[in-house]
2 protein chains.
Amino acid sequence: MLELEQLTQLMAVAEHGTLSAAAEALHISQPSLTRSMQKLENVLGVALFERKKNRVLLNEAGLLAVEEAGKVLSAAEGMEARMAAYARSLRTIAVGSCAPAPMWEVTPLLSRQYPEMTITAEMNEPDKLEDGLVSGTYQLIVTDAPLEKPGILCQEYVTEQLYVSLPPAHPLAKREAVHLSDLAGQTMLLFSELGVWQRLHDEKMQDIRFIVQTERKAFSDLISASVLPSFTTNLTQRYGAPMNRVNVPILDQEATIRFYLCVSEKHRSLLDAVYTDNTHH
Amino acid sequence: MLELEQLTQLMAVAEHGTLSAAAEALHISQPSLTRSMQKLENVLGVALFERKKNRVLLNEAGLLAVEEAGKVLSAAEGMEARMAAYARSLRTIAVGSCAPAPMWEVTPLLSRQYPEMTITAEMNEPDKLEDGLVSGTYQLIVTDAPLEKPGILCQEYVTEQLYVSLPPAHPLAKREAVHLSDLAGQTMLLFSELGVWQRLHDEKMQDIRFIVQTERKAFSDLISASVLPSFTTNLTQRYGAPMNRVNVPILDQEATIRFYLCVSEKHRSLLDAVYTDNTHH
DNA sequence: ATGCCTTACGTTATACGTAATTATT
DNA sequence: AATAATTACGTATAACGTAAGGCAT
């Protein structure tokens, strides 16, 4: 029977020009390669080489065989690659989220519950999240609205509440609460990658000037160093709240978002994992 | 390393549903197949089966693997088929001819000279013959005009002379020779598959009525049984000339065709073979 | 003299089938 | 009981590397 190994060897011979060189490249002995190529010729029923006493040269059939071998081997490599990708996916939990903070919450919980699994997380638009969950690109998604769909489980997760983070000397710092309208005319620091919060920014904050920072560390440094107001939320505060800041809640309805976790039924256990572990907080 | 045999076995398992049935179909023992599939799982790095105590079922990875295996195997089968076709072509001399008689001459000569080769012969149009010779579809062609082309050898072969074959009682039977115009108004028997002779038929025989026969044996029988005139040539007469017939040569220039043999340079020996053997006649 | 291919030879590894084991229908 | 899968075991095949031979550059 035709062996893939023989085809690999044939290609090596074609590449290196001599059996000796190919054998060395393949880490086998010359005689072994000689025999293997003879066998291949038998299997295919054609001589692939023109045999001079001291040299083998690919003949027309040999060149054809090399070409064909390339096709077969790339099909085989494709198979191996796709199977490997699938195997990897079995060891990976892909999380998709519509906002950053819930994602930061979820991924450590998962990796604690599934230490042997690789956890990947990325933000995406709600539509893409839903599609991705159905198609298997994501095993768990965080949405800002419950998802009612056959085969999909959806549970309320956390509520994120927006605050203005102010230096104590700021005029608004003594307020119990503010509305977004109170912030009109302010210059604020803003971290990018807002996810669904982007909508709030686009629609309700036209009267605010923003200094946008895309790097997390630079953003933290900026906040510590400046007296400009910024935003924070009940969730972001868990991860190193900045010093010397007063957080005043924002009362507008849009400043509070309730997040939901959705999984396909066959990954129900992921939900349990998150909720179980969440109680530790 | 991945083995094509494992893929074949996997497909057999998918097809037959159990290892036992597949093993029987493959003419190997169950344990052997079990081990082979375990090995395949190791190579691919994924479990392909859901193992119940008494049964193996393809899981998702297994189904994917079956699909991929199909692709790989058909690539491999494609390779084997193409190599086999090439191997066969090495054992085949394909003759193309623009007329039947020279073809009948050439093929027996070739098969006597090359007893190990398969000789195929077919009629075709001059253009197709030339293309086929260049592309390697034909190794030898018979044309009605010399072919001057680099890389191609062309030699005069035989001349075919057209005769009217008449019953002795026919008015024209006593003539030394005739012109085609003398045949106007006759009803003649004609064998189809004329090749280049077709042109003569189309252009110079509009005044003749023909009874066309497409089977060689039926045609011979017809000739023996009827008193209708027909055509014959110096070449066809070699193969069983009909009894009680007088053959009168046709003087028109178009009633004589000179044929040429053409081969590519690397098949020069074919020419020698034909000419060498031809002298025996 | 060196490089390259092939054949010969002895060893090792691996791949097979039979038999035994366990579990299911 | 009968069917099915896996594991265990002894054997036989076939694949490897080393060694030897032949030929060409």
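Reminder, nothing fancy here: chain letters follow the sequence lines and each chain counts from 1.
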(message) Classify A:Thr34 by what it touches in the nucleic acid, base, sugar-phosphate, or nothing, heavy-atom distance under 4.0 Å.
(response) base

(message) Going by the rule side-chain hydrogen bond (donor to acceptor under 3.5 Å, both in side chains), which residues pair with B:Gln155 if we only count those two or more places apart in sequence or in a different chain?
(response) none

(request) Round to a whole Å and report the spacing from CE of A:Met1 to P of D:dA14. (result) 16 Å

(request) Name all residues meeting the side-chain hydrogen bond (donor to acceptor under 3.5 Å, both in side chains) criterion together with B:Lys128; count only those two or more places apart in sequence or in a different chain, and write none if there are none. (result) none

(request) Could you encode protein contacts along nucleotides 17-25 of chain D as a string, one character per nucleotide from 5' to 3', using B for base contact, S for sugar-phosphate-only contact and - for no contact, with a heavy-atom cut-off of under 4.0 Å? (result) BBB---BB-

(message) Near DNA chain C, counting only heavy atoms under 4.0 Å, which residues of residues 58-67 of chain A show up?
(response) none

(request) Kindly state which residues belonging to residues 6-16 of chain B come within less than 4.0 angstrom of DNA chain D, counting heavy atoms of the residue only, listed by number. (result) none

(message) When you compare the side chain of A:Met37 with that of A:Leu48, does any pair of heavy atoms fall below 4.5 Å?
(response) no

(request) Look at atom CD of A:Gln198 and say whether more than 12 heavy atoms of other residues, nucleotides or ligands are closer to it than 6.0 Å. (result) yes

(message) With a 4.0 Å cutoff (strictly under), does any side-chain N or O of A:Ser36 reach OP1 or OP2 of D:dA15?
(response) no

Output a table of donor-acceptor pairs, distance under 3.5 Å, between side-chain atoms of residues 9-29 of chain A and any protein atom two or more places apart or on a different chain; print 'none' if there are none.
residue: A:Gln9; atom: OE1; partner: A:Ser36; partner atom: OG; Å: 2.4
residue: A:His16; atom: ND1; partner: A:Ala12; partner atom: O; Å: 2.9
residue: A:Thr18; atom: OG1; partner: A:Ala21; partner atom: N; Å: 3.0
residue: A:Ser20; atom: OG; partner: A:Gln30; partner atom: NE2; Å: 3.0
residue: A:Ser29; atom: OG; partner: A:Ser32; partner atom: N; Å: 3.3

(request) Note the angle between the end axes of the helix from C:dA1-D:dT25 to C:dT25-D:dA1, five pairs defining each, rounded to 10 degrees. (result) 20°

(request) Go through DNA chain C in 5' to 3' direction and return only the first and the last nucleotide with some atom under 4.0 Å of chain A's heavy atoms. (result) C:dG3 to C:dA8

(message) Can you confirm whether B:Leu147 sits close enough to B:Tyr260 that some side-chain heavy atom of one is under 4.5 Å from a side-chain heavy atom of the other?
(response) no

(request) Specify the separation, in whole Å, of atom CD of B:Glu50 and atom P of D:dT6. (result) 13 Å

(message) Can you confirm whether B:Glu122 is buried at CD, in the sense that more than 12 heavy atoms of other residues, nucleotides or ligands lie under 6.0 Å from that atom?
(response) yes

(message) I'd like to check A:Leu129 versus A:Tyr138 (side-chain heavy atoms, cut-off strictly below 4.5 Å). Are they in contact?
(response) yes

(request) Answer yes or no: is there a side-chain heavy-atom contact under 4.5 Å between B:Leu261 and B:Val142? (result) yes

(request) Could you tell me whether the side chain of A:Leu44 reaches within less than 4.5 Å of the side chain of B:Tyr86, counting heavy atoms only? (result) no

(message) Can you confirm whether B:Phe259 sits close enough to B:Val196 that some side-chain heavy atom of one is under 4.5 Å from a side-chain heavy atom of the other?
(response) yes

Cut-off 3.5 Å, no hydrogens considered: what does the side-chain donor-acceptor table look like for residues 72-82 of chain A, sequence neighbours left out?
residue: A:Ser74; atom: OG; partner: A:Gly70; partner atom: O; Å: 3.1
residue: A:Ser74; atom: OG; partner: A:Lys71; partner atom: O; Å: 3.1
residue: A:Arg82; atom: NE; partner: B:Glu68; partner atom: OE1; Å: 2.9
residue: A:Arg82; atom: NE; partner: B:Glu68; partner atom: OE2; Å: 2.7
residue: A:Arg82; atom: NH2; partner: B:Glu68; partner atom: OE1; Å: 3.1

(request) Please tell me if the side chains of A:Ile119 and A:Val106 come closer than 4.5 Å, counting only heavy atoms from C-beta onward. (result) no

(request) Provide the full list of salt bridge (charged side-chain N to carboxylate O under 4.0 Å, His left out) pairs with a residue in residues 129-141 of chain B, sequence neighbours left out, each pair given once. (result) B:Glu130-B:Lys149

(request) Take the protein atom CE of B:Met37 and the nucleotide atom P of D:dA4, then report the distance between them rounded to whole Å. (result) 18 Å

(message) Applying side-chain hydrogen bond (donor to acceptor under 3.5 Å, both in side chains), can you list everything that pairs with B:Arg51, at least two apart in sequence or on another chain?
(response) B:Glu41

(message) Taking side-chain hydrogen bond (donor to acceptor under 3.5 Å, both in side chains) as the definition, give me every residue that meets it alongside A:Thr107, ordered by chain and number, with sequence neighbours left out.
(response) none

(message) Between A:Lys39 and D:dA15, is there a contact of a side-chain N or O with OP1 or OP2 at under 4.0 Å?
(response) yes

